[in-house]
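Report on the structure given below.
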Amino acid sequence: MPNPTTGSSQQPPRTRRSAVRVVRVALLIRSHTLPLLSYRVPNRLAGGVRVGTTVVAPLSGYGRLGVVVGFEREGDRELKELRTVASDLNLPATLVRLCARVAAASALPLQTVLRAALPPGISAAACEVIRPAPGWPWKRGEVLGRAELRRTLGAAGLKTAEEEMRVILTPRRAPPRTVEWAVLEEGGIGSRLPRRAHRQRALAETLERHGGACPTAYLLDEAGAGRASLRQLVLRGAIRLEGRPETAPVSYTRGSGADLASYRDGAGRALERGGAWVWRTPTPQGSAVVAAIARAAAARGGGTLVLAPEVEAVERLVGELRRLLPAGLTVAPYHAKLGRGRDLLYEAARRGEVDVLVGTRAAALVPVGSLGAICVTDEPNEAHRADPESHEGVPVHARDLVMERGRIEDVPLVFLSPTPSLKLYAPESGASRLPPRKPDFWPAIRLVDQRGTGAALSSTLLDACRETLREEGCVGVVANRLGLATLVSCRRCGRVLSCPTCDRPFALHDGPEGGSLACGTCGRRERAARECPACGSDRLGAAGLAAGGVRSTLAGALDVEVDLLTARERDAAGAPVVVGTTGLVLKKRCDLVVVPDADALLFGSGTVERGFGLLYGAAEASRSRLLAQTRSPEHPVLRAALAGDYEAFAAAELPRRRALGYPPHGHLAKITLTGPERAVRRAVESGLRPALEPGIELTGPSPVPANGANVKAKTGANAETTSWRLLLRARGRESVAAAAALVARRVAERCGGLRVRVEVDPEEV
DNA sequence: AGCACGCCGACT
DNA sequence: GTCGGCGTGCTC
């Protein structure tokens, strides 16, 4: 069978005579059901068309941007011709193959993945006037939007104009933006400034330090001056302002490389042997390990692609790499917040001008000239996968994406984390292991057995906090649940107040009139009840450790200011005690880290694997001591996490995963259908179940409350249209993905009222 | 019958 | 993404 991305094996396009005649094209329009289409290559374009060439091809009369994804033998079918090639958007053939694999493995349309691999901000509607017809208001060579052409020529007129090649679609990179620069005039300023003009002097000095020219945005920021001072300098004739084309934010390293020696062997070994490697390295050593890998790659003449989970981590890493790597290498960040600069970086990386490209998952598909290594930091982090709900980027974990990329481009991969995901650590994943690095420091651990106590915060815990505060240390308290309490129950009959739709206990949130009840699953909010709905008693009591409650209890007991740190709020910044969610509290290092409910962290929400990582991270974030309260002090996962013993954890969990058929031993796809129950059931029973291949197991549909209030608002879901979950399980990843893709296509084609979303191998089910 | 509207499938 | 076909349902 001919491979769709490499072409038929019968007629390899080698010489001019056998140049490609017919190509398979993925048109980049927002339609999830449009198949790949075939076009004839006109003689004038023959030779310039290969896999990865971006082309303009007609579809219902109009030109469309597309990517050549394969060849085909000439048949007897009448085919339309390609119109032009848009050569400054071409993708490397290897990247197209990667996109095809990613699409197949994730049940996503190839078009969606290709779009993510193209430079951001393409103007796909720009048309160039080639041969203006008599009477046209435009001159030859003029570029204008398709909308304007249509307004003047009409729909039919535009079609004819395109067919006669009077105008052609010219998809192009985002036009370069100009930024304002301040330039020192001849003769400088120096003594001519009045003595009191501090700001102007600061500006002038900063400008001189930058060699006499600098973008004004940086200049004002660095000198701490406003535009008024800048104006003054212009009026004095000391400087002038001018527009210059924006440049990619590529910077040079300026270190010595001296701190990297101890990681040289590991990095060298991975790059020498190639393939995928897991390197268990303590989080604080992460930057140095990345630097060592980048250095080893540079020594072999290759660039390095580094992936970090969040923008903030990317920027931090760029700064540290500049400091750690020997002078003379180029480093650049790549993430969505760069705006237009991202497009320039894409181009610089493609031309091989960036030695180390550090980016978020958006960078995983960026072409990098002479790529020598790929490095994924904080590998198990879920932020490495785009939220499938947001429709931004490819909802595939960067780990899985670069695994494929490494294979196709034959580039060594190194995955870093002290607690790698088990699906990667399992020997069956194909990743080899480098000798793990020991943490430089591990805190003293104190485990408080809470069995048989009613107190939420033990006296041991409070004493430990007091002691740390006496020594002027800081305390970080991990409480992942928001609100004052995780549940409200009746003290008389024991009834737990729960959400009527989700049947999960309500959390108690702060607010007027006794606060409100909030459902963590669907986002439902209610006024806090005064009486038990079951027995009418007014003896309702709140329980369960939540950030807000822990904070007020601690503030009262310790008599200090306590900062609450959650995604939403942060007050009392700089307080000696911080209570908050793991991600935020563990970012800052504390002398004492307190985990008041280790059981909730480990088993409360999500997988045990994630809980293990969080607890391990809590220990890493401590500069001196860690205290954890638990009701299962003997639990092996808890023990392993607190002892920093990942190997013991993996040894216990890996056989369990194998037995359950979790990745990489088996694969699953999570399919979410949104719509009325009857339509969902009909679609599943008549359309899907009979179409499944043997060996693929289907469970569901089971109702899933839309996750969070914001999702509900976005999708307009209501009581009649809830979401339904289907799970597909099979041994092979490709077979679940294929089945999931089939489901998605069938539902999209036949069941108009339903929305489908597919996630292959989600991090959590 | 005549027309507006919306859904569906084709487009290469 | 764009278009035409066709069915539904409403109006003259």
Side-chain angles (χ1 to χ4, degrees), chain A residues 2 4-5 7-8 20-46 49-51 53-86 89 96 100 108-116 118 122-127 144-165 167-172 391 675-676 679 682-683 686-687 716 721 742 744-756:
Chain A
T5 62
S8 103
V20 188
R21 282 285 144 75
V22 178
V23 286
R24 300 286 281 165
V25 175
L27 292 182
L28 303 184
I29 59 179
R30 269 187 233 287
S31 159
H32 295 276
T33 47
L34 187 71
L36 301 182
L37 302 176
S38 303
Y39 291 90
R40 215 157 49 71
V41 182
N43 284 334
R44 72 196 148 79
L45 298 180
V49 176
R50 51 164 187 80
V51 169
T53 306
T54 46
V55 294
V56 174
L59 179 69
S60 20
Y62 295 109
R64 300 277 169 202
L65 175 63
V67 179
V68 173
V69 298
F71 313 125
E72 219 178 50
R73 275 203 296 162
E74 235 177 318
D76 34 12
R77 207 155 41 125
E78 243 343 272
L79 291 174
K80 295 257 161 77
E81 282 188 351
L82 294 181
R83 288 192 180 156
T84 50
V85 300
L89 297 173
V96 175
L108 247 44
L110 176 56
Q111 288 90 330
T112 309
V113 186
L114 284 169
R115 192 183 281 280
L118 282 166
I122 301 171
S123 29
C127 290
L144 55 158
R146 189 178 255 163
E148 196 183 339
L149 283 166
R150 180 175 293 151
R151 228 176 295 129
T152 315
L153 303 176
L158 173 57
K159 240 183 215 183
T160 332
E162 280 199 40
E163 260 157 39
E164 294 172 350
M165 298 278 267
V167 296
I168 50 166
L169 189 72
T170 52
R172 50 187 62 205
H391 305 290
R682 191 160 11 95
S686 64
T721 63
L742 179 82
R745 212 168 338 110
R746 290 230 169 168
V747 172
E749 280 167 5
R750 304 231 265 266
C751 319
L754 296 181
R755 292 191 323 114
V756 222

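Computation of the quantities below employed the complete heavy-atom set of this structure, encompassing side-chain atoms and omitting hydrogens, waters and symmetry-equivalent molecules. Within every chain, numbering begins at 1; the chains are lettered A, B, ... in the order of the sequence lines, protein sequences first and strands thereafter.
A:Lys80 has its NZ atom 3 Å from the P atom of B:dT12, to the nearest Å. Between the CD1 atom of A:Ile29 and the P atom of B:dT12 there is a distance of 12 Å, given to the nearest Å. Taking atom CG on A:Leu34 and atom P on B:dC11, their separation rounds to 11 Å, with Å as the unit. If you take NZ of A:Lys159 and C1' of C:dT2, they are 7 Å apart, rounded to a whole angstrom. Remark: P of C:dG1 and CG of A:Leu37 are 16 Å apart, rounded to the nearest angstrom. Whole-Å rounding puts the A:Leu27 CG to C:dC3 C1' distance at 16 Å. Atoms CZ (A:Arg146) and C1' (C:dT2) sit 10 Å apart, rounded to a whole Å. Remark: C1' of B:dC11 and CG of A:Leu59 are 5 Å apart, rounded to the nearest angstrom.
Within a 6.0 Å sphere centred on CZ of A:Arg30, heavy atoms belonging to other residues, nucleotides or ligands number 12 at most.
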I would like to know whether A:Lys159 and A:Glu164 meet salt bridge (charged side-chain N to carboxylate O under 4.0 Å, His left out); could you show each step before the answer? CA-CA 9 Å; A:Lys159 240 183 215 183; A:Glu164 294 172 350; over 6 Å; no
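Inter-residue side-chain proximity for A:Leu37 and A:Leu27 is flagged as met; some heavy-atom pair is nearer than 4.5 Å. Residues A:Arg21 and A:Asn43 meet the side-chain proximity criterion, which asks for heavy atoms closer than 4.5 Å.
Checking C:dG1, C:dT2, B:dT12 against the side-chain heavy atoms of A:Arg30 singles out C:dG1 as nearest. The nucleotide whose nearest atom lies closest to any side-chain atom of A:Ser60 is, among B:dC11, B:dT12, C:dC3, B:dC11.
Residue A:Tyr62 places no side-chain N or O under 4.0 Å from the OP1 or OP2 atom of B:dC11.
Across all strands shown, A:Arg77 has heavy atoms under 4.0 Å from base atoms, whether or not it also approaches the sugar-phosphate.
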